Amino acid sequence: MQKIKFRPPRLIRVPTDQLSDFAVTMATNKGGCIMGSEDGLNIPQNELPNSATEATPPSPGAIENAVSAEIPHGESEARRLLQRTPGNYLLNQVYGFWFLISLFLLTIIITRKVPTEQYGIYAITQTAYNTILYIFAFGMEDTTTTYVPRVFAEHGTASAALLVRRLLTLRIVTVVIVAAVLLFGMSGIAALVAAIPISGAAGVAAGLRDPVLLSHTTPVALYVLGSSIASLLQAVCAGLMRIRVVFVIGSLTQLAVLGITFVVLQLGWGINSVLWTLAICSLLNATAFIIWQAKFIFTRGATYKQPLLPLIRLSFSAWQTNLIQGALLKQISVILLGIFAISTVAASVNTGYFNLSFQLADGANLLLVTGFGGIASAALAAAFVGNNNERLSRSWQALVKIETLLAAPGLVFCLFNSSTIVLALYGNKYVAVGPLFAIFLFFNIFARILGTTINQYALYVTGKARLVVLSEWAGLVAIIIIGVVLIPTYGAAGALIADGVARIITGILMLAFLWNALPHKYPLGFTLRFLLALTLAALPGILWHPTSRIMLGLSGAIFLVLCAGLLYVIKPLSKEDMTMLDGLNGRLSWYVRWFA
């Protein structure tokens, strides 16, 4: 075990009646290093060393030896991972925005440079890419962000590297088999996809048998190979709070794709050159990740070997969860809309309205929290180092609050201005989508403030992944029952209500499963105060309905100003929140101190 170096600290006297959940507070000469029960040092107050209360400080050497003895290696690494969480979230959020923008620009370049039939080839190929990657991921990214941080903190770099090598080997074996099947057995893949009991599977299967697609199987296979390996290595970066690697490599890759695609299409090389560009760039992307992380990946001298059976169980559970969340819930609603439609035209209209409302609400829900993808799971895994339920519980509360702070304002503003937003974005043709958008936003707000995503990660970390799957299947059953009851009468509105209620049921079940597992409970007081501030700030939207995009933007700015003022008055953050933020990121706590 390496000796941990600390600067000589100055000890401060703190009244014990102010330490409700903390055992000791220590400030360095530069201030801001707070270590207590939230950081894994569950030191009883009656066991504090005498030097913490005596007026004469001990020598720096004695302090260094005492701190080194009291802070295990796992705890120090866990604290470092947690302290890097805010910065990694911001980088991941920026990268998420850039990734979406780059995809939009790529679509514009292709549609402007190729005929419509060639763009159709590109669309079919993209569907094949995504379908194959989705089905054969097997939840390994969730497993990586759950286990790698904990093994890294508790057993060191070499043991974490051994785990990553084993996961990477499993992924490479899987995707090599998939690539071989793509090259030599595409008809078999089409048969498997056709057997999936979801709407659209038959169409995807027919697309996989398309002769045009079969002529492009080589770039498809290479793209799947590169993207699958890169995806797992991105999860490793998220687990170790090294999103800077993802940001740099991912951004450069997207820039290369855009630039090369523009050049090859300008030269008239057609859509096949675009597919090869994507394939080659995905392989270079995976290679860059391996080279950048080679020093870590190939570190030797592991002292611990993580058993594979728990990883396989979590992967299977995460795979089921992702499949239900990403495909089955929405597709069941689409199937029911088709079954109960009066005519084919009515089915198409209802499905179109449902799909547009669903996408808008999901976009508003995820806009500012996409940066938590992988980061939240890794933070909770780091918090649980040493089976520290106290720190895990506090971290879980903090992440629920942060997600609410980031996502709820946008959702509430969209709820009170739903019809105006739809009119501004899509025009009068889709005016009927406004109320449907509002319905789904209402349920999304409750699903978000329940902390459903964070609850899911917390159950993964505590070894209760099967309860996540149980919650998701309960939601799936609910959407079928409620959909059968409401869709025949209310159409798209009934489908959105069914989907929204299913999300809330899933979130409540996950929260119930966590209730006795964590010492601290759901932050209800914070949620109620925060929603009160948002609701009051959004009330002017009832009377004022902007008629242009500029006025809608002005309305949003006024909403944010009112939110800030009301949050300053209501002060939803507690002293415990600020103490924890001080320990994680002093600058972040400085920005939000007005709301505590």
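Note that the structure is a prediction, hence the values are computed from the model and not measured.
More than 12 heavy atoms of other residues, nucleotides or ligands lie within 6.0 Å of CH2 in Trp98, so this atom counts as buried by the packing criterion. The number of heavy atoms from other shown groups lying within 6.0 Å of CZ (Phe138) is above 12. Atom CZ of Phe316 has 12 or fewer heavy atoms from other residues, nucleotides or ligands within 6.0 Å. Within 6.0 Å of atom CZ in Arg244, 12 or fewer heavy atoms from other residues, nucleotides or ligands are found, so the atom counts as exposed in its surroundings.
A distance of 11.0 Å separates CD1 of Ile324 from CD1 of Ile479, quoted to the nearest 0.5 Å. In this structure, Ile402 CD1 and Gln397 CD are separated by 11.5 Å, a value rounded to the nearest 0.5 Å. Between Ile449 atom CD1 and Lys401 atom NZ the span is 14.0 Å, to the nearest 0.5 Å. Between the CG atom in Leu476 and the CG atom in Leu329 there is a gap of 5.5 Å [rounded to 0.5 Å]. Atom CE of Met510 and atom CG of Leu514 lie 9.5 Å apart (nearest 0.5 Å). To the nearest 0.5 angstrom, Ile445 atom CD1 is 7.5 Å from Leu531 atom CG.
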Evaluate the side chain to side chain contact (heavy atoms under 4.5 Å, CB included) criterion for residues Ser317 and Val468: first the C-alpha distance (whole Å), next the side-chain angles of each, then the deciding distance (0.1 Å), finally the verdict. CA-CA 8 Å; Ser317 297; Val468 175; over 6 Å; no
Would Tyr522 and Thr527 count as a side-chain hydrogen bond (donor to acceptor under 3.5 Å, both in side chains) if you check the C-alpha gap in whole Å, the side-chain angles of each, and the deciding distance to 0.1 Å? CA-CA 9 Å; Tyr522 175 79; Thr527 301; 3.0 Å; yes
Stepwise, does the side chain to side chain contact (heavy atoms under 4.5 Å, CB included) test hold for Gln234 with Ile243? CA-CA 8 Å; Gln234 287 177 11; Ile243 288 296; over 6 Å; no
Test side chain to side chain contact (heavy atoms under 4.5 Å, CB included) on Val334 and Phe354 and set out the steps. CA-CA 8 Å; Val334 173; Phe354 168 82; 4.1 Å; yes
Given side chain to side chain contact (heavy atoms under 4.5 Å, CB included), test Leu380 with Ile454 step by step and report yes or no. CA-CA 9 Å; Leu380 292 175; Ile454 305 302; 4.2 Å; yes
When you look at Thr370 and Gln93, which way does the side-chain hydrogen bond (donor to acceptor under 3.5 Å, both in side chains) test go after all the steps? CA-CA 6 Å; Thr370 53; Gln93 185 70 35; 3.3 Å; yes
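Within the 3.5 Å criterion, the main-chain N or O of Val224 finds a donor-acceptor partner in the side chain of Ser228. Looking only at distances, a side-chain donor or acceptor of Asn322 sits under 3.5 Å from a matching main-chain atom of Ala318. Panel note: side chain Ser282, backbone Ala279; a donor-acceptor pair is recorded below 3.5 Å. No donor-acceptor pair under 3.5 Å is formed between the side chain of Asn285 and the backbone N or O of Gly226. With Ser102 contributing its side chain and Phe99 its backbone, the two residues share a donor-acceptor pair below 3.5 Å. At distances below 3.5 Å, not a single donor-acceptor pair connects side-chain atoms of Thr277 with backbone N or O atoms of Val257. Side-chain atoms of Thr452 never come within 3.5 Å of backbone atoms of Arg448 as a donor-acceptor pair (strictly under, hydrogens ignored). Put simply, the side chain of Ser273 gets close to the backbone of Gly270: a donor and an acceptor are under 3.5 Å apart.
With sequence neighbours excluded, no residue forms a ring-ring contact (aromatic ring centres under 6.0 Å, His included) with Phe289. Under the ring-ring contact (aromatic ring centres under 6.0 Å, His included) criterion, Phe413 pairs with Phe559, sequence neighbours left out. Qualifying ring-ring contact (aromatic ring centres under 6.0 Å, His included) partners for Phe513, counting only residues two or more places apart in sequence or in other chains: none. For Glu472, the side chain to side chain donor-acceptor pair (under 3.5 Å) test picks out Gln325, with sequence neighbours left out. Scanning for ring-ring contact (aromatic ring centres under 6.0 Å, His included) contacts around Phe440 gives Phe358, with sequence neighbours left out.
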For residues 491-508, run the donor-acceptor check on the side chains, cut-off 3.5 Å, and write out each pair with its distance to 0.1 Å, sequence neighbours left out.
{"unit_1": "Asp499", "atom_1": "OD1", "unit_2": "Arg503", "atom_2": "NE", "d": "3.2"}
{"unit_1": "Arg503", "atom_1": "NH1", "unit_2": "Asp362", "atom_2": "OD1", "d": "3.1"}
{"unit_1": "Arg503", "atom_1": "NH1", "unit_2": "Asn444", "atom_2": "OD1", "d": "3.0"}
{"unit_1": "Arg503", "atom_1": "NH2", "unit_2": "Asp362", "atom_2": "OD1", "d": "3.2"}
{"unit_1": "Thr506", "atom_1": "OG1", "unit_2": "Ser471", "atom_2": "O", "d": "3.3"}
{"unit_1": "Thr506", "atom_1": "OG1", "unit_2": "Ala502", "atom_2": "O", "d": "3.0"}

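Nearest heavy atoms, Ala361 versus Leu411: O-CD2, 4.4 Å. The shortest heavy-atom contact between Leu415 and Ala438 is CD1-O, 3.4 Å. Nearest heavy atoms, Thr261 versus Val264: O-CG2, 3.3 Å. Residues Val433 and Ser357 come closest through the heavy atom pair CG1-OG, 3.3 Å. Nearest heavy atom pair, residue Cys414 against residue Ala364, reads SG-CB, 4.2 Å. For the residue pair Thr143 and Ser315, the shortest heavy atom distance occurs at OG1-OG, 2.6 Å.
Checking each of Leu486, Val484, Thr489 against Phe340 for a side-chain contact (heavy atoms from CB on, under 4.5 Å) leaves exactly one that passes, namely Val484.
Between Asp142 and Trp319, the side chains place no donor N or O within less than 3.5 Å of an acceptor N or O (distance only, hydrogens not considered). In this model, a donor atom of one side chain and an acceptor atom of the other lie less than 3.5 Å apart for Glu141 and Ser231.
Using cut-offs of 30° and 60° for the angle between ring planes, the Phe530 and Phe526 rings count as parallel.
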